Peer 1: 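Provided herewith is a single structure, encoded as structure tokens, for subsequent inquiry.
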Amino acid sequence: MADKITLVDGTLDVPDEPIIPFIEGDGTGVDIWPASQLVFDAAAKKHGKRIEWKEVLAGEKAFNETGSWLPDETVQAFRDYLIGIKGPLTTPVGGGIRSLNVALRQILDLYVCLRPVRWFQGVPSPVKHPEKVDMVIFRENTEDIYAGLEVEEGTPEAKKLIGLLRDNFGWNIREDSGVGIKPVSETGSKRLIRAAIEYAVRYGRQSVTLVHKGNIQKFTEGAFRNWGYELVRAEFSDVAVGWDDCGGKPGDKILVKDNIADITLQQVLTRPEDFDVIATTNLNGDYLSDALAAQVGGIGIAPGGNINYVTGHGVFEATHGTAPKYAGQDKVNPGSVILSGVMMFEHLGWSDVAADIVRALEATIADKIVTYDFARLMEGATEVKTSEFAGAIVDRL
């Protein structure tokens with residue numbers, strides 16, 4: 001009997017037949033979602049479990065059917081059922097919602113954007129040692145410039161804000177400027193960093209790096225760094241220690257350190273083994289997650305999850321765009337959605353299901369049965385369709 005996932009004493013209670021809402025996605029969603037669902041259902045069945053999928057609408061499909069890009073019913077479904085998964089969504093141009101993905105994160109207060117980045121055997125990579133990349137990014141999801149607090153150049157609002165800042169703070173901003181506000185709060189920073197440290201403890205990771213631009217943005221990103229070290233001392237002194245408090249020698253504790261954002265983008269390429277769990281602000285996390293994905297096969301197989309660890313809500317998602325020119329061609333790589341499903345199953349406690357999908361995916365790629373994006377980079381590869389790639393994974397379950 002299918003039933004809802006619930007939160008009991010801070011822990012997800014997951015039935016063997018959970019109801020999970022899904023958004024097919026725009027563009028290539030019509031290809032990659034059915035392929036991914038095939039893999040999910042086969043892996044769950046192998047372990048005596050079954051998912052009742054509940055389709056909800058967002059993006060172009062929602063707009064065409066309901067006149068709304070993000071219907072209230074969709075948001076309510078994610079609220080009620082706690083866990084969901086989605087394909088890529090179109091962001092309306094020239095009006096409407098700034099970003100459907102950002103809107104969902106903010107409405108449901110999904111404050112963690114969780115992006116694990118690792119290499120899978122056989123995946124083509126532009127770097128010599130992609131196997132050294134094994135990082136988990138905790139990107140703050142609700143603040144920073146993604147809060148969308150900005151005014152357009154030349155508008156009365158912009159003129160008013162520029163005047164206010166000039167008159168009250170002495171800030172001389174050019175009259176023809178657009179202006180944005182960058183909020184970074186102690187509350188938002190600490191709950192994000194707390195989640196990162198708890199993850200490091202749970203999964204036996206060695207370090208947490210606070211990535212920031214605090215050398216320039218001292219009272220936003222600099223504060224993010226300082227609040228992180230405060231949190232370690234106040235709440236995690238038994239399991240973690242800050243760099244300044246141990247001289248970089250943490251003993252058997254998790255080392256919490258910090259790094260400037262720009263040098264981090266260099267060092268994750270030249271010294272990836274130095275990074276384990278990363279906690280960072282919204283924009284930095286966006287840059288880092290895509291830059292790291294390039295080292296391990298590209299955004300096409302990069303998974304993501306948006307999570308509120310307090311309320312139990314989580315929406316897992318493909319991290320790439322809709323690629324509408326390929327829609328309906330049964331061509332593109334479904335790896336991002338499949339691996340986002342792996343994250344979802346791990347989050348639900350279905351670790352055996354998740355591990356089987358990863359093993360079967362790796363075996364398929366090792367046999368050089370791949371979609372066009374990998375086939376063009378691999379010698380002797382067999383290029384297959386989206387659906388055929390999913391079928392090959394199922395064969396190896």
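Here the structure is a predicted model, which is why all the values come from computation and not from measurement.
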Peer 1: Taking C-beta and beyond as the side chain, do V384 and Y372 meet within less than 4.5 Å on heavy atoms?
Peer 2: no
Peer 1: Using a strict threshold of under 4.0 Å (side-chain N to carboxylate O), is an ion pair present between D245 and R233?
Peer 2: yes
Peer 1: Would you check if there is a donor-acceptor pair between the side chains of H47 and D356 at a distance under 3.5 Å?
Peer 2: yes
Peer 1: Report yes or no: does Q295 contribute a side-chain atom to a donor-acceptor pair with the main-chain N or O of V268 at less than 3.5 Å?
Peer 2: yes
Peer 1: Under 3.5 Å, is there a donor on one side chain and an acceptor on the other for S387 and D330?
Peer 2: yes
Peer 1: If the threshold is 4.0 Å, N to carboxylate O, is there a salt bridge linking R115 and D290?
Peer 2: yes
Peer 1: Which is it for I107 and L70 under the side-chain contact (heavy atoms from CB on, under 4.5 Å) test, yes or no, and what are the steps along the way?
Peer 2: CA-CA 11 Å; I107 292 169; L70 184 60; 4.0 Å; yes
Peer 1: Measure the spacing between CD of E55 and CD1 of I20 and express it to the nearest 0.5 Å.
Peer 2: 14.5 Å
Peer 1: Would F40 and K45 satisfy side-chain contact (heavy atoms from CB on, under 4.5 Å), going step by step from the backbone distance to the final call?
Peer 2: CA-CA 9 Å; F40 299 155; K45 183 178 180 181; over 6 Å; no
Peer 1: Extract all donor-acceptor atom pairs below 3.5 Å that involve side chains of residues 389-397 and protein atoms in other chains or at least two apart in sequence.
Peer 2:
unit_1	atom_1	unit_2	atom_2	d
R396	NE	D367	OD2	3.0
R396	NH1	A392	O	2.9
R396	NH2	D367	OD2	3.1

Peer 1: Please check if the side chain of T281 supplies one atom and the backbone of L283 the other of a donor-acceptor pair under 3.5 Å.
Peer 2: no
Peer 1: Can any side-chain N or O of T155 pair as donor or acceptor with the backbone N or O of E152 at less than 3.5 Å?
Peer 2: yes
Peer 1: Please answer whether the main-chain N or O of T322 pairs with a side-chain N or O of T28 as donor and acceptor at a distance below 3.5 Å.
Peer 2: yes
Peer 1: Is R166 close enough and on-axis enough to F169, meaning under 6.0 Å and within 45°, for cation-pi?
Peer 2: no
Peer 1: Parallel, tilted or perpendicular: which fits the ring planes of W69 and F63, with parallel below 30° and perpendicular above 60°?
Peer 2: parallel
Peer 1: Between T264 and N259, is any side-chain donor less than 3.5 angstrom from a side-chain acceptor?
Peer 2: yes
Peer 1: For the OG1 atom of T66 and the CD atom of E73, what is their distance to the nearest 0.5 Å?
Peer 2: 7.5 Å
Peer 1: Evaluate E221 against T280 for side-chain contact (heavy atoms from CB on, under 4.5 Å), listing each step before the verdict.
Peer 2: CA-CA 9 Å; E221 304 218 0; T280 189; 5.8 Å; no
Peer 1: Can you give me the closest heavy-atom contact between A240 and I197, atom names plus distance?
Peer 2: CB-CG2, 4.5 Å
Peer 1: Near E153 CD, under 6.0 Å, is it more than 12 heavy atoms from other residues, nucleotides or ligands?
Peer 2: yes
Peer 1: Are I299 and M343 connected, step by step, through hydrophobic side chains (Ile, Leu, Val, Met, Phe, Trp, Tyr) whose heavy atoms are closer than 4.5 Å?
Peer 2: no
Peer 1: Charged N to carboxylate O under 4.0 angstrom, K368 versus E383?
Peer 2: no
Peer 1: Is the number of heavy atoms from other residues, nucleotides or ligands under 6.0 Å of R174 CZ greater than 12?
Peer 2: no
Peer 1: For E230, give me all partners under salt bridge (Lys or Arg N to Asp or Glu O under 4.0 Å), at least two apart in sequence or on another chain.
Peer 2: K190
Peer 1: With a 4.0 Å cut-off on N to O distance, would you call R79 and D72 a salt bridge?
Peer 2: no
Peer 1: Would you check if Y111 and V310 make a side-chain contact, meaning some heavy-atom pair closer than 4.5 Å?
Peer 2: yes
Peer 1: Name the one of N282, D286, N101, N141 that satisfies side-chain hydrogen bond (donor to acceptor under 3.5 Å, both in side chains) with Y146?
Peer 2: D286
Peer 1: Find out whether V315 and F78 are in side-chain contact, i.e. whether some heavy atom of one side chain is under 4.5 Å from a heavy atom of the other.
Peer 2: yes
Peer 1: So do the side chains of E17 and I51 get within less than 4.5 Å of each other, counting heavy atoms only?
Peer 2: no
Peer 1: I would like to know whether V117 and V136 meet side-chain contact (heavy atoms from CB on, under 4.5 Å); could you show each step before the answer?
Peer 2: CA-CA 6 Å; V117 187; V136 181; over 6 Å; no
Peer 1: I'd like to know if E235 pairs up with R194 as an ion pair, taking the criterion as any Lys NZ or Arg NE/NH1/NH2 lying under 4.0 Å from an Asp or Glu carboxylate oxygen.
Peer 2: yes
Peer 1: What I'd like to find out is whether the side chain of D258 reaches to under 4.5 Å of the side chain of H212, using heavy atoms alone.
Peer 2: yes
Peer 1: Apply the hydrophobic cluster definition, ILVMFWY joined by side-chain contacts under 4.5 Å directly or through others, and give me every member besides L269.
Peer 2: V127
Peer 1: What's the spacing between D80 CG and K54 NZ if we round to 0.5 Å?
Peer 2: 9.0 Å
Peer 1: Taking ring-ring contact (aromatic ring centres under 6.0 Å, His included) as the cut-off, I'd like each qualifying pair that reaches into residues 184-204, sequence neighbours left out, listed once.
Peer 2: F138-Y199, Y199-Y203
Peer 1: Salt bridge or not between K331 and D31? Use side-chain N to carboxylate O under 4.0 Å.
Peer 2: no
Peer 1: Would you indicate whether the side-chain heavy atoms of L149 and P183 approach each other to under 4.5 Å?
Peer 2: yes
Peer 1: Hey, what do you get for CD1 (I260) to CD (Q266), rounding to the nearest 0.5 Å?
Peer 2: 13.5 Å
Peer 1: Could you tell me whether K182 and E150 have a side-chain N and a carboxylate O separated by less than 4.0 Å?
Peer 2: no
Peer 1: Are any of the side-chain heavy atoms of I32 and V332 separated by less than 4.5 Å?
Peer 2: yes
Peer 1: Only distances under 3.5 Å count here; give the side-chain donor-acceptor pairs of residues 373-382 to other protein atoms, sequence neighbours excluded, each with its distance to 0.1 Å.
Peer 2:
unit_1	atom_1	unit_2	atom_2	d
D373	OD1	T371	OG1	2.6
D373	OD2	N333	ND2	3.1

Peer 1: Checking the side chain of S125 only, and the main-chain atoms of V296 only, is there a donor and an acceptor separated by less than 3.5 Å?
Peer 2: no
Peer 1: Would you mind checking if D244 and R225 are paired as a salt bridge, meaning a charged N to carboxylate O distance below 4.0 Å?
Peer 2: yes
Peer 1: Please walk me through it: do E143 and S185 pass side chain to side chain donor-acceptor pair (under 3.5 Å)?
Peer 2: CA-CA 8 Å; E143 298 187 324; S185 71; 2.5 Å; yes
Peer 1: Starting from V30, can I reach V56 by hopping between I/L/V/M/F/W/Y residues whose side chains sit under 4.5 Å apart?
Peer 2: no
Peer 1: Between K46 and D352, is any pair of side-chain heavy atoms under 4.5 Å apart?
Peer 2: no
Peer 1: Taking W53 as the starting point, is it possible to reach I357 by hopping between hydrophobic residues whose side chains are less than 4.5 Å apart?
Peer 2: yes
Peer 1: Could you check whether K61 pairs with E24 (Lys NZ or Arg NE/NH1/NH2 to Asp/Glu carboxylate O, under 4.0 Å)?
Peer 2: yes
Peer 1: If you measure from CD on E273 to CE on M135, what distance do you get to the nearest 0.5 Å?
Peer 2: 8.5 Å
Peer 1: Is the count of non-hydrogen atoms from other residues, nucleotides or ligands lying under 6.0 Å from W119 atom CH2 greater than 12?
Peer 2: yes
Peer 1: Rounded to the nearest 0.5 Å, how far apart are CG of D252 and CD of Q206?
Peer 2: 10.5 Å
Peer 1: Examine F219 and I193 and state if one hydrophobic cluster contains both, with Ile, Leu, Val, Met, Phe, Trp and Tyr joined whenever side-chain heavy atoms are less than 4.5 Å apart.
Peer 2: no
Peer 1: Between V39 and V123, is there a shared hydrophobic cluster once you connect ILVMFWY residues whose side-chain heavy atoms come closer than 4.5 Å?
Peer 2: yes
Peer 1: Can you list everything that forms a salt bridge (Lys or Arg N to Asp or Glu O under 4.0 Å) with D13? Sequence neighbours excluded, please.
Peer 2: none
Peer 1: Looking at T142, is its backbone amide N or carbonyl O close enough to the side chain of E140 to form a donor-acceptor pair, meaning the two atoms are under 3.5 Å apart?
Peer 2: yes
Peer 1: Should the heavy atoms of other residues, nucleotides or ligands under 6.0 Å from OH of Y309 be counted, would the total exceed 12?
Peer 2: yes
Peer 1: Over 60° means perpendicular and under 30° means parallel, so tell me whether W33 and F22 are parallel, tilted or perpendicular.
Peer 2: parallel
